[in-house]
Amino acid sequence: MHNVDWQLDEIVTQLRATRETWRERHGRSRERGCRELPSRSAIRAITDDLIGALFPMRLGPSDLRRESEDFYVGHTLDATLNALCHEVCLELKYIARQLGRDAGDTQARAVEVVQGFAAGLPELRRQLDADVMAAYHGDPAARSVDEVLLCYPGVHAVIHHRIANYFYQADLSLLARMIAEIAHSDTGIDIHPGATIGEGFFIDHGTGVVIGETAIIGNNVRLYQAVTLGAKRFPADERGHLEKGLPRHPVVEDDVVIYAGATILGRITIGKGSIIGGNVWLTRDVEPGSNVTQANLQSGPCP
């Protein structure tokens, strides 16, 4: 096999020409220097270490002992936050290039963002404890909170979402999306990092769940597999380009349960305490305390 002529010179030349054509078309022909974008592999390693520091005796190293717990957390956070700061700095420089602005003191801004994230870690752990308990109490098959934390894909996805949402709120959309897509690829649960999610959130089973960017979910909400909180339509501007950032996904109030396969589209409100049955298709508001099934949708308006 070492004697095969792969004609690499010609392939490399053609690939360079294709890249240059793309850069010319998209105004990137003046870009020079090294690759300055956050690294997917680095973000995965950082996220894994952050989760280990949040739950050291369950999701940290297998040989960790209680007497070394604080040392492990401090050492891990010191290394991980510095690595995270580097990735934040890369995205800030990328954003400045995209906008044609001077990058300025990106290091100082990156430190500010990561310091804010670090200061919020105790509150993040408190929120995640509420999510874990919601999963434990919400699933009769769960034998322990340890089983929930170690095994449940919905919990895995929510942990990643709560980390990603901080960076989305800090206008670091690449970083946020990378963290969100780690969970998406691992679990099949697709939560946009921009979604607002209250406490005690539980996704049971989880495969195929989709939650859009502008969705708002209240406290103590439970979703089952294949639920979609999506957009009904995508308005376009005068050039035919989709308008971005508009509120277009559902608002789900507190204490709502949405069963498997339900599709809820558009900026509608699912009232507090409602139950949405399996495979229901909804594009209109639901009053608080409603019980919506395929049968009552076919027989008349929602209660």
Common cluster, Ile46/Leu90, ILVMFWY with side-chain heavy-atom separation under 4.5 Å: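 No.
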
In one Ile/Leu/Val/Met/Phe/Trp/Tyr side-chain cluster, 4.5 Å: Ile182, Leu150: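 They do share one cluster, since a chain of ILVMFWY contacts under 4.5 Å joins Ile182 to Leu150.
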
More than 12 heavy atoms of other groups within 6.0 Å of Trp22 CH2: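 Counting other residues, nucleotides and ligands, CH2 of Trp22 exceeds 12 neighbours.
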
Atom CZ of Arg40: over 12 foreign heavy atoms under 6.0 Å: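 For Arg40, atom CZ is not crowded (no more than 12 foreign heavy atoms under 6.0 Å).
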
Geometric class of the His75/Phe71 ring pair [parallel <30°, tilted 30-60°, perpendicular >60°]: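 Phe71 and His75: parallel rings.
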
Whether Tyr224 and Tyr259 hold their rings parallel, tilted or perpendicular, with breakpoints at 30° and 60°: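 Plane angle under 30°, so parallel.
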
Atom [atom1] in [X], atom [atom2] in [Y]: separation rounded to 0.5 Å?
X: Ile217; Y: Glu199; atom1: CD1; atom2: CD; result: 14.0 Å
X: Leu282; Y: Thr228; atom1: CG; atom2: OG1; result: 12.0 Å
X: Lys93; Y: Arg97; atom1: NZ; atom2: CZ; result: 9.0 Å
X: Ile179; Y: Glu181; atom1: CD1; atom2: CD; result: 11.5 Å
X: Arg267; Y: Thr269; atom1: CZ; atom2: OG1; result: 7.5 Å

For residues [X] and [Y], determine if any side-chain heavy atom of one lies less than 4.5 Å from a side-chain heavy atom of the other.
X: Tyr152; Y: Glu147; answer: yes
X: Leu175; Y: Ile43; answer: yes
X: Val221; Y: Val257; answer: no
X: Ile159; Y: Leu149; answer: yes
X: Phe167; Y: Leu174; answer: no
X: Phe55; Y: Leu128; answer: yes
X: Ile51; Y: Ile163; answer: yes
X: Ile258; Y: Leu229; answer: yes

Cationic N near anionic O, under 4.0 Å, Asp129 to Arg125: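 Yes, charged N to carboxylate O under 4.0 Å.
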
Salt bridge Arg222-Asp139, side-chain N to carboxylate O under 4.0 Å: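 Judged by the 4.0 Å cut-off on N to carboxylate O distance, Arg222 and Asp139 do not form a salt bridge.
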
Closest contact, heavy atoms only, Ala262 versus Gly277: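 Ala262 and Gly277 have their closest heavy atoms at CB-O, 3.8 Å.
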
Nearest atoms (heavy-atom pairs only) where Pro193 meets Ala164: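 Looking at all heavy atoms of both residues, the shortest contact is CB-CB, 3.9 Å.
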
Full working for side chain to side chain contact (heavy atoms under 4.5 Å, CB included) between Ser173 and Glu91: CA-CA 9 Å; Ser173 59; Glu91 179 159 2; 4.0 Å; yes

From His161, Arg177, Glu213, residue fulfilling side chain to side chain donor-acceptor pair (under 3.5 Å) relative to Tyr168: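 Only match with Tyr168 under side chain to side chain donor-acceptor pair (under 3.5 Å): Glu213.
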
Centroid-centroid distance, Phe202 to His137, less than 6.0 Å: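 Ring centres of His137 and Phe202 not closer than 6.0 Å.
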
CA sep, side-chain torsions, deciding dist, call: Ile95, Asp171, side chain to side chain contact (heavy atoms under 4.5 Å, CB included): CA-CA 10 Å; Ile95 292 169; Asp171 295 324; 5.7 Å; no

Candidate list Ile191, Val155, Thr187, test side chain to side chain contact (heavy atoms under 4.5 Å, CB included), partner Ile203, passing option: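 Exactly one option meets the side chain to side chain contact (heavy atoms under 4.5 Å, CB included) with Ile203, and it is Ile191.
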
